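A short worksheet on the structure shown next.
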2 protein chains.
Amino acid sequence: MARKHATIHDIAKKAGVSSSTVSRALQDNPVINDKTRERIKALASKLNYQPNVLAHNLRKGRSKMVGVLVPRIDHHFFSSVIGGIEKVLNEAGYNVLILQALDSVEKEVINVQSLLEQRIAGVLASPLALSTDNKHYQKLVRNETPLIFFDNTHINMPVSMVLNDDYKGSRLATEHLIEQGCKRIIFLGGPRENYIYKRRFEGFMDVMAEHKLKVDEDLIFNRRLDFISGNEVAEIIMKQKVMPDGAFSVTDHQAIHLMQALKRVGVKIPKQFAITGFSNADYSSIIEPSLTTIDQHSLEMGTLAAKMLLEEFELRKANQFIPKKIYLNPELVIRQSSLRKK
Amino acid sequence: MARKHATIHDIAKKAGVSSSTVSRALQDNPVINDKTRERIKALASKLNYQPNVLAHNLRKGRSKMVGVLVPRIDHHFFSSVIGGIEKVLNEAGYNVLILQALDSVEKEVINVQSLLEQRIAGVLASPLALSTDNKHYQKLVRNETPLIFFDNTHINMPVSMVLNDDYKGSRLATEHLIEQGCKRIIFLGGPRENYIYKRRFEGFMDVMAEHKLKVDEDLIFNRRLDFISGNEVAEIIMKQKVMPDGAFSVTDHQAIHLMQALKRVGVKIPKQFAITGFSNADYSSIIEPSLTTIDQHSLEMGTLAAKMLLEEFELRKANQFIPKKIYLNPELVIRQSSLRKK
DNA sequence: CTGAAAGCGCTTACAG
DNA sequence: CTGAAAGCGCTTACAG
């Protein structure tokens with residue numbers, strides 16, 4: 001391990017003062033004599049003194065580190081949210097510890113445990129929600145560690161959260177497809193236990209019902225496309241007696257794979273078949289045709305979540321904390337993949 | 001802040017034993033009586049005891065946390081490397097603290113400082129290298145904090161590193177273009193101070209010279225495409241008396257933007273103009289035509305770097321540490337954008 | 001303006 | 001097998 005670092009005690013000895021004085025000088029405590037302070041500071045930098053945050057936090061009983069839990073960092077959405085979080089928290093003097101669950105609830109549990117042991121100041125989490133198990137998050141609540149959910153959530157926990165209005169986003173995309181003349185729209189979903197996908201499904205179904213459009217059970221693909229490939233879905237589509245004319249996908253990833261599979265078998269996009277995705281991934285604008293999708297204001301979600309956490313710190317001190325929910329307005333980004341009327 | 005957590009002392013009091021005994025019991029020290037241990041463990045879990053890692057590390061003089069510094073996490077390459085790092089380090093009982101510099105040397109310096117203060121066990125870093133300033137990394141070296149560079153580097157520091165053989169990757173791509181019949185190839189580069197881009201430039205130039213192909217100074221775009229758009233480059237290309245027939249780009253991102261700009265003005269890719277990128281970004285396979293590029297084995301780079309760090313821990317203990325460099329073999333991934341001969 | 005002392009929550013060498 | 005004591009590196013209430 002690293003060489004022994006210089007300590008406050010070392011500096012004190014060399015300077016011929018007490019540790020108390022050194023500690024105060026380094027903190028710019030105005031009570032210390034100017035000359036003494038300067039002498040101590042010079043000595044500290046000469047000795048290459050690095051404050052020991054471990055000891056500092058232990059003594060102060062709190063840390064300036066916030067944990068951020070995400071399913072994975074290699075999704076543009078999450079890295080963008082994290083960008084927003086870091087911006088706000090760094091300015092407020094907090095460090096951010098990023099942990100990814102990599103789609104494993106087990107790892108998510110380990111990550112929460114690790115944050116708990118680090119005596120982290122607070123946690124910002126986008127829970128996996130692959131299972132309804134939330135004992136690990138309950139543990140944080142029980143320890144009164146400030147916790148904010150973003151993007152995804154365990155909806156009934158007494159925790160503040162900033163969510164995308166998935167229901168509304170889903171409505172926007174579906175209405176857009178209908179407006180473009182689609183009548184027979186397929187649904188590419190995700191696991192229903194996941195609150196997000198549940199809401200997107202509901203938005204889709206409601207709009208379809210309002211427009212008295214039939215939804216064929218066979219054309220609801222309600223799981224991740226990891227399990228059913230774009231090619232397979234395309235094949236099923238091509239076998240239909242009445243050819244479907246559009247698809248609403250709950251992710252951009254699925255939408256693109258379906259689009260490419262359909263192109264391969266000669267379907268013209270968007271002329272014969274319109275497609276919309278969800279979440280405005282970075283590649284959704286560079287593929288061709290570019291993908292119509294729902295933007296979730298990821299950066300803003302990050303800054304908002306971070307601000308809520310800082311606010312919660314204050315409110316808890318005053319014993320006035322009450323959880324609140326904020327819904328962000330999703331935005332329809334119209335691109336080429338859905339524009340049948342030009 | 002969080003409610004006061006239960007401590008070893010609290011458990012000891014309730015159990016009617018000393019803190020020493022509790023500490024030993026929780027560590028499964030075999031010297032402790034089985035019944036006592038069980039009683040203590042039951043009590044600990046009943047009190048919802050969470051070990052305080054801060055205190056633990058302070059006492060032990062080391063932490064089980066490793067810092068990972070990257071320019072940004074929203075590049076597939078880096079998130080993939082991080083995936084590899086986490087896999088190896090988590091298995092070895094280490095936590096990973098991810099920090100991003102967001103293209104700011106200033107933030108990189110702050111991040112290193114923060115790791116230093118956390119008394120981190122070691123650091124894995126992909127330095128920005130926008131400037132030649134490496135004082136912050138020198139500080140880590142001086143403190144004998146194990147440090148590994150990956151992907152990018154300050155080449156002359158006494159630090160172990162695992163690098164992509166950028167020179168060779170660049171050669172592969174250039175040779176491929178020549179093999180496909182390109183004679184007048186343009187170069188889309190990045191800032192020359194960056195060791196990576198420097199090497200890619202050298203590889204390109206050497207191969208061109210070996211094949212006695214002329215490189216027009218006007219067709220070397222040696223900076224990021226952020227500053228000169230795909231459209232601008234396309235415009236310059238179209239103005240040439242002898243039309244260039246290929247481009248080697250040091251990033252996929254630039255390659256794609258140029259490709260789209262050229263398509264917009266009617267150039268047929270790859271028939272009239274072949275393009276290769278670098279680093280096999282996730283979207284390079286889904287765009288059309290799909291992009292020929294150089295894969296850098298990002299996951300392997302991560303696992304290797306992590307293993308080197310673990311090894312360095314051991315070597316330092318035995319006072320046998322000597323820095324070493326490992327170069328990974330880049331791989332040419334041939335796709336549609338460059339295939340002029342079919 | 002400065003210092004001695006206590007304590008944050010742990011671990012461990014030493015003694016019994 | 002168990003405990004008292006010291007100490008990791010800090011900060012701060014108290015005293016002067």
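A note on names: the letters A, B, ... follow the listed sequences, proteins ahead of strands, and every chain is numbered from 1. Since the model is a prediction, treat every value here as computed from it, not as a measurement.
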* Look at B:Ser18 and D:dA4 and indicate whether a side-chain polar atom (N or O) is within less than 4.0 Å of OP1 or OP2. => no
* To do: Report yes if the distance between the aromatic ring centroids of A:Tyr49 and A:His5 is under 6.0 Å, otherwise no.
  => no
* Asked: In whole angstrom, what separates A:His9's NE2 from C:dA4's C1'?
  -> 13 Å
* Distance-only polar pair, side chains of A:Asn164 and A:Asp151, donor-acceptor under 3.5 Å -> no
* To do: Taking B:Asp34 for its side chain and B:Thr36 for its backbone only, find out whether a donor-acceptor pair lies under 3.5 Å.
  => no
* Asked: Expressed as a whole number of Å, how far does the C1' atom of C:dG16 sit from that of C:dT12?
  -> 16 Å
* For residues A:Ser23 and A:Gln27, is any side-chain donor paired with an opposing acceptor at under 3.5 Å? -> yes
* Taking the six-membered ring for Trp, are A:Tyr94 and A:Phe313 ring centroids under 6.0 Å apart? -> yes
* Structure fact -> Closest of C:dC10, D:dC10, C:dT2 to the B:Thr7 side chain is C:dC10
* Do you see a donor-acceptor pair shorter than 3.5 Å between the side chains of B:Gln113 and B:His136? -> no
* **Between C1' of D:dG3 and CD1 of B:Ile40, the distance in whole Å** => 12 Å
* Structure fact -> Note on DNA chain C: ranges paired as stems (three or more Watson-Crick/G-U pairs in a row, both atom distances under 3.5 Å) are C:1-3 with D:14-16, C:5-12 with D:5-12, C:14-16 with D:1-3
* **Distance, rounded to the nearest Å, where B:Leu58 contributes CG and C:dC8 contributes C1'** => 9 Å
* To do: Compute whether any side-chain donor of one residue and acceptor of the other, for A:Asn152 and A:Ser126, lie under 3.5 angstrom apart.
  => no
* Return yes if a side-chain donor-acceptor contact under 3.5 Å exists between A:Asn48 and A:Gln50, otherwise no. => yes
* To do: Round to the nearest Å and state the distance from B:Arg39 atom CZ to D:dC1 atom C1'.
  => 13 Å
* Does a nitrogen or oxygen in the side chain of B:Ser20 sit under 4.0 Å from OP1 or OP2 of C:dT12? -> no
* Structure fact -> Result for 5'-nearest mapping on DNA chain D, choosing between A:Leu54 and B:Val31, is B:Val31
* Asked: In whole angstrom, what separates A:Arg59's CZ from D:dC10's P?
  -> 13 Å
* Asked: With respect to the side chain of B:Val17, which nucleotide from C:dG9, D:dG3, C:dT2 is positioned closest?
  -> D:dG3
* **Phosphate-side-chain proximity, B:Lys60 and C:dT12, N/O vs OP1/OP2 below 4.0 Å** => yes
* **Under-4.0 Å side-chain N/O to phosphate OP1/OP2 contact, A:His56 with D:dT11** => yes
* Taking only the side-chain heavy atoms of A:Tyr49 (C-beta and beyond), determine which of D:dT11, C:dG9, D:dC10 contains the nearest atom. => D:dC10
* Selected nucleotide, minimal atom distance to B:Ile32 side chain, candidates D:dC8, D:dC10, D:dT2 -> D:dT2
* How long is the line joining CG of B:Asp10 and C1' of C:dG9, in whole Å? -> 10 Å
* Could you state the CD1-P distance from B:Ile11 to C:dG9, rounded to the nearest angstrom? -> 12 Å
* **A:Thr21-A:Ser18 side chain donor-acceptor pair, cut-off 3.5 Å** => yes
* Asked: Could you state the CD1-P distance from B:Ile8 to D:dG3, rounded to the nearest angstrom?
  -> 14 Å
* side-chain N/O A:Ser19 vs D:dG9 OP1/OP2, d < 4.0 Å -> no
* Asked: Within the distance-only criterion (no hydrogens, no angle test), does the side chain of A:Gln138 pair as donor or acceptor with the backbone N or O of A:Asn134 below 3.5 angstrom?
  -> no
* Asked: Near DNA chain D, under 4.0 Å by heavy atom, which residues of residues 22-29 of chain B?
  -> B:Arg24
